[in-house]
Each structure stands twice: as C-alpha cells, then as structure tokens.
Visitor: 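The structure that follows is given in the form of structure tokens.
Proteins come first, then strands; the chains are lettered A, B, ... in the order of their sequence lines, and each starts at number 1. Side chains are part of it too, since the values below use all heavy atoms of this structure and drop only hydrogens, waters and symmetry mates.
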Amino acid sequence: MEAASVPTRATAASPKREPKASDRARSERRLAWMLCAPAVIVMLIVTGYPIGYAVYLSLQKYDLRFPDQKEFVGLANYGDVLSSTTWWTDVGTTVIIMVISVAIELVLGMLIALVMHRAIFGRGPVRAAILIPYGIITVVAAFAWKYAFDPTSGFVAGLPLVPDTYAPLTDRSGSLFVIILAEVWKTTPFMALLLLAGLALVPDELHEAAKVDGASTLQRFFRITIPLMKPAILVALLFRSLDAFRLFDSAYIIQPGGANGTETVSILGYNVLISRVNLGLGSAISVLIFICVMLIAVLFVKGLGASTAQQRGEV
Amino acid sequence: MGGKRAHTPGRLRIGLALCVLGAAVAGGCGSGGSGSGTPTINWYVFNEPGGSYDAAVADCNKQAAGKYKISYQKLPTDANQQRELIVRRLAAEDDSIDLIGMDVIWTAELAGARWIVPWEGQRRQVATEGKLAGPLKTVEYEGKVWGVPFTSNTQLLWYRKDQVPNPGDTATWDQIIDTAVKKGKQVEVQAAQYEGLTVWINSMVAGAGGQIVSQNGDVNVGASVKDAATIEHKLATSKAAPAGMSTNKEDEARIGFESDRSDYEINYPFIYPSAAGVSKEFQKNIGWARYPRTVPDRPSRPPLGGINIAVSSYSKHQDAAFAAAECIANDKHQAIAAQKGGLPPTTKSVYDTAAVKKAYPFAALLRTSIDNAAPRPVTPAYNDISLAIQKTFHPPSSVAPDDIVDKLRDRLDKAAEGKIF
C-alpha cells in the first residue's frame, strides 16, 4: 500500500508470473503454512470460538438466574433488540460520539502531525510530549475529566468566564461534550501518529516542483499532501471509527450506567449481559455491535480500495 | 530461508508457549485451601471501613478453635459491583464462595436461582429469633428463610437545628421543599441513576400507599407512582435542588450538607459520626426526624437496607459455613458493627445495650423507622425491575408526572419478560 501510493513509479510494469510448482516452491509453501498454523489455531481458539459461542447464545432464551427456562428461540432476541427504541437511541448516541470525536481528531491530528513532521529542533521531545495523553490509562483519564467538570471538586467551574455552578455532567449535551472531549484528548495522538506515517511518504521533490510552478502553501497541502496521504488518512479514520463505535470505558466512568442519555451500544450490552445476566439478549446485542463494526470496516475498506486503485492510475 | 533449519526453533517455541499457557491455567485453577484440617470459610462481603467485620471475623476464628477459619474477602462498597461479582461467580458454580454478605434486595434472586441454601429446623430458629420484623422479611422467600439477618439500615431526615425548626415526624416532602426554597437552601437526596434512586422512589411510592411489585410478583403501577414523580420533579426544578442532583449519591449528599449549602438531608446514619469530622459544633447542630411523608394523611415508609448472611449452594463446607454465619451475625458482633461501622442492628435487644444507645442518640427513631420501612420489590428479577425504575425516573428534572405511569408500566413489563428496555 505504501509503495503503491507513489504514483510516479510504474508499478503496473510487473506482469503476474505463473507460479512454477517446483519442489522447492512447494516445500516453501508447506513451510509457510506450518509457520502460520499456530497463529491461525490460536486465533481460532481465542476469537473464533467466543464469536461462534456468542452467536449460539444469541439464539437462545437464556438468563443465568432462570436456567430452567433455557430454550431455543431462533432470531427472537434480534427482533427484540431491533424493534426496541432503546437500541436505536443508543445507536444514535454512539454515532454522534463517533462522528464528532473522529472529525475533531482528524483535524487536530493532522495539525499535530504537520508540527511533528516539520519540527526542526527538539523533534524527540515534541513527539514525546504529544504522545503523553495516549500513554495514560483510559480509566484514569476518564476519572480526571469527570472530576475536572464536577462543580464541587473540579477546576473547570472555577475558570474565568465559566459560571461557578457549571455542571455539564447533569444533562445530556454536557455529558456528551465531556465524553467527546475525553475521547479527543486521549486518542488524537494516535491519529497524529498514523497521519505522521502518511506524511513521511510524501516526497519532497513534488513539493519543490510545485513551488517552482508557483503553488501556494495551501495549494500544495490540498493538491499534493492530502491526495498522497489519502490511504493513510483512511486507515486512521477506520481505526478510530471502529474504536469510537465500541466506546465503553470512558463513557462508563464519566456517566455510570449510561445515565443522562449517554448510553452507548456497548454500555447497553454490558447492562444486559453482565448486570441482568441475560446471556441470550446480551449476546444478540454483542453480535449486532459486531455486525455494525464489520459494516463500518467494509465501508472504509471499499473506500480505501478505490482510492489506492486511483493512486495506481488503474481507474 | 533454509526450510529445515527454521522448523525446529518454531516447534520449540510453540511447545514453550503451550507450556507457559498450561502452567498459567493450572495455576489459576489450583488455588484454594488445602483439603485436610481446618476448613477455610470464604466470606464475600463489602469492605467495611470501620473494621467491625474484621473484628467479628477475628473473634469467631478464636472461638471456633480450629473447627473453621473465616477468610474475609473484601468486595467493593458499590452494591451493583458487589452483586455483579457474586452473581457471576455463583452462576459459574464457584465453590470458593462459602458465605455471602447478601444485600437485602438479592434474596429472591439468589434463592430463586437456588444459588444459596435455606436455613431449616434448628438453624432457622437461631437465624430468626429475636429479630426485628422488617429485616426478618428480607431473608424470607417462598416461605423459607435464606439467610441470617446481620445489619440493617434506614434513612432519616437530617436537618440543621440552628437554621430550621424541627420538622417533626409528620412533615411532608412538600413542606420541606417549600421551607428550603424560602430559605434559599437545598435538600440533599440521592438521585443519580443507580440503586439509590430506586430506594428513594420506592419509599415515596410506598408512602403514598403503593407497591411497585405486589406480593404475588405482579407489576402494580398506579397513582402513587405519579405522586412520587411529582415530588421528584418538583424538587429537581425548584431552587432547593442541590447542585449536580442528577449525579448525586450518598457521599455527594453528605458533602453538600457538610458544606452548608443545605438545611435538610435524606441519608443513612453514617453521616452522623462523619459530621464530627467537620466540627463538634456542627455535629451538635444536626437534628433528626422521621423520613418525610409523600401525602399528608399517611405515615411515611422509610427505606430498608442492610446485609444478611447466606450460605452458598456450592460451598464444600456447608456445616462449618452455617456455624460461621451464626457466629458473625451474633448480638455481640451486631453491637460492634453499630459502633464501629455505623450499621444498625437487626436484633431487637441490641438496641437496648448501653453501647448502641451511646453510639446512636437517635436509636429509638432508627428502630421505629426500620419497623415501618417499606421493603423494595421481592422478585428474582429484582435487578431488572430496579434498572427499569432508575431509567424511568432519571434525569429527575425531565420526569413528567403525567405520563410516568404508562412509561414505568411499559418498562417493567419488558423487564419482567426479559426484554430490552
């Protein structure tokens, strides 16, 4: 992907070679399989089995407190979830948090990446300083923000221009604001790192050539840097969107139990699965979250695929 | 890459990895007491910071003289977290739990799932003898006794003697809110979306003569629910609403009262010893009265909390566990829990001991409150019911008394059917 993103190089020149099934090639392929096998088996055990088991549970009526009532109910649990307003409200809340936080992170992350890329002196300290929020444990950071916005113990209500009784955590928009802020503060460095990797791929010669042609800084940024970085940007957006859609820890700390209309789909799943120990219904929610995440991934990968094809000049 | 050479290290590494994994698993399962000699009785209960549980455990271990050894496994103070941990382990048939410090609201759930064993015959006699009626009800389910009542708890109306007159035992929520508004002060309650909100709502509903879940387990939502919602909404939208009301729990209420922003506070007795930490002067100015009335012509129904001790069905040493539970919950240890932990006793006679009278100048009121307390719904699906109540009555300022009855009924029906709400 990285190599392909440089359009000047003629990558299409290498025709596909017919694989010659020599003994050596065959044994090498067998070796490759054997080397991969442990990883594949471990993956199957640690991810395949739980996912399969969750799907199986989601087709049952199964509450741990009423084991006698366990029965196969087909897709009834899915019908329950999808026909409830709670699920759709929570999907809405999750999408709001995801879209706003990822959008802000992209802009901020890009600015930080440019700073890190262009920093002439103190490059190491600058990068380290920017990465600090990402290194802090999410739960700790969430508690810090929660307390900061608490009107009795926090500093925010004491700031100039902020009313002393400012208590954002007591209503929905305020709570969402704090959750998004905590998310952005925490993960913008991650975004910046991914974008920095993309920036490093943009060859300086292109910028110099454009400069000679009289392109302004902004023109160079939007006409050269951004298009060449597109794959890196999409990967960064994909990673962050998937993370944000599954948001649990910081939201759970800042507004326990999803109070004040901040229940995300993951918190709903937790409430049903862990608190209500309703394994059937809870697994159905988990599987639906999994499907949503897959949909987001497919959406991005399709977008990503198209753009790399463009880069190669195949479209 | 030479094919043959790469083989051996690869295999070796997998073997090593499996070894480590296997060792870890074996280590994880292999913990636990040794088989012979004194059985270890693991008591899972919340961490009582006053040290009264530690004292009871030490005393019982001394008395047992090798018949058993109680090991105090400390759980978080948050009731939801305690329950999640206990329920998960019991559902997995974990035999490392012998005794459970069971919140009064779990009895039906744990008994219904047959995760705990009933107290029968002589044991039932010992567990129930001389106990207050309210706490005794909380260990009963389907005609059997499922634990020994240990400590109880209830809320009082605390007020500032130097600021407002004694509200008396017949004050209503309306009067209290109105007085607070006039004085420009606040009324401290627990209205975050958690069990404490269920406690508040349940007491107000019962105070209006209602009962959210009836004796036979049916959902029963009527006008009393509207009364409760009206009071909650009135307080939340009045000038007497404490800052951060929709996220306040017991401790926020205590801090608010201690910070002088409010003249009234609904809370458990633990706030009284804590007030001495502010100043002796402040503690002297605290008065107490019975829980406020929902409607003027009906006595109030204060909340009922507390801890009962139950024996797990998966315990390997049930006989020793019963004996240990009886010892922990005896009168002497109840008195210690009252003094050190601020936890009211469940045995009638303990209220008359000098030590308890000294620790609680309000001991008599505490006892009448517990006697008149309204239990929370008794049903195996209690947790679902409580979550539904919390969701419906939160946030307090957006509760609409006019459609609360329909909303709550809808949620409770879904909760009872094991659906999403």
Visitor: Below 4.5 Å from any heavy atom of chain B, which atoms of Leu281(A) appear? Answer side chain, backbone, both or neither.
Guide: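 Contact with chain B is through the side chain of Leu281(A) alone.
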Visitor: What distance separates Gln81(B) CD from Ile274(A) CD1, expressed to the nearest 0.5 Å?
Guide: 12.5 Å
Visitor: Output, in order, the C-alpha distance, side-chain angles, deciding distance and verdict of side chain to side chain contact (heavy atoms under 4.5 Å, CB included) for Ile420(B) and Asn77(A).
Guide: CA-CA 9 Å; Ile420(B) 204 167; Asn77(A) 285 330; over 6 Å; no
Visitor: Quick check for you: to the nearest 0.5 Å, what is the distance between Glu252(B) atom CD and Asp150(A) atom CG?
Guide: 7.0 Å
Visitor: Surrounding NZ of Lys419(B) (heavy atoms of other residues, nucleotides or ligands, distance under 6.0 Å), is the total greater than 12?
Guide: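 No.
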Visitor: Counting only heavy atoms not in Lys144(B), do more than 12 fall under 6.0 Å of its NZ?
Guide: no
Visitor: Would you find a donor on one side and an acceptor on the other, under 3.5 Å apart, between the side chain of Asn383(B) and the backbone of Ser275(A)?
Guide: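 The answer is yes, because a donor-acceptor pair under 3.5 Å joins these two groups.
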Visitor: Given Gln193(B) and Gln255(A), is the side chain to side chain contact (heavy atoms under 4.5 Å, CB included) satisfied, shown in steps?
Guide: CA-CA 9 Å; Gln193(B) 188 177 319; Gln255(A) 223 23 296; over 6 Å; no
Visitor: Can you name the nearest heavy-atom pair linking Thr170(A) to Gly244(B), along with the distance?
Guide: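 Smallest heavy-atom distance, with atoms named: CG2-CA, 3.4 Å.
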Visitor: Using a cut-off of under 4.5 Å for heavy-atom pairs, which of Pro380(B), Ser259(B), Pro395(B) has the most such pairs with chain A?
Guide: Pro380(B)
Visitor: Near Tyr56(A) OH, under 6.0 Å, is it more than 12 heavy atoms from other residues, nucleotides or ligands?
Guide: no
Visitor: Less than 4.0 angstrom from a charged side-chain N to a carboxylate O is my criterion; do Asp384(B) and Arg65(A) meet it?
Guide: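 Yes, charged N to carboxylate O under 4.0 Å.
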Visitor: Where do Leu64(A) and Trp115(B) come nearest, in terms of heavy atoms and distance?
Guide: O-CZ2, 3.5 Å
Visitor: Given heavy-atom pairs under 4.5 angstrom as the criterion, report whether the side chain, backbone, both or neither of Leu387(B) touches chain A.
Guide: side chain
Visitor: Is Arg411(B) close to chain A through its backbone or its side chain, or both, or neither, when contacts mean heavy atoms under 4.5 Å?
Guide: neither
Visitor: Should we count CZ of Arg30(A) as having more than 12 external heavy atoms under 6.0 Å?
Guide: no
Visitor: Say you draw a straight line from OG1 of Thr85(A) to CZ of Phe421(B); how long is it, rounded to the nearest 0.5 Å?
Guide: 12.0 Å
Visitor: How long is the span from the CD atom in Glu109(B) to the CZ atom in Phe66(A), to the nearest 0.5 Å?
Guide: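 One finds 7.5 Å between CD of Glu109(B) and CZ of Phe66(A).
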Visitor: Check whether Asp80(A) gets within reach of chain B through its side chain, its backbone, both or neither, counting any heavy atom under 4.5 Å.
Guide: both
Visitor: Given that the side chain runs from C-beta out, which part of Phe149(A) has a heavy atom under 4.5 Å from chain B: side chain, backbone, both or neither?
Guide: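 When you check distances to chain B, no heavy atom of Phe149(A) falls under 4.5 Å.
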Visitor: Under a 3.5 Å distance rule, please check whether Asn260(A) uses its side chain to pair with a backbone N or O of Ser246(B) as donor and acceptor.
Guide: no
Visitor: Return yes when atom NZ of Lys183(B) has more than 12 non-hydrogen atoms of other residues, nucleotides or ligands closer than 6.0 Å, and no otherwise.
Guide: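 Count over threshold, so yes.
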Visitor: Report which part of Arg83(B) has an atom under 4.5 Å of a heavy atom belonging to chain A: side chain, backbone, both, or neither.
Guide: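 The side chain, not the backbone.
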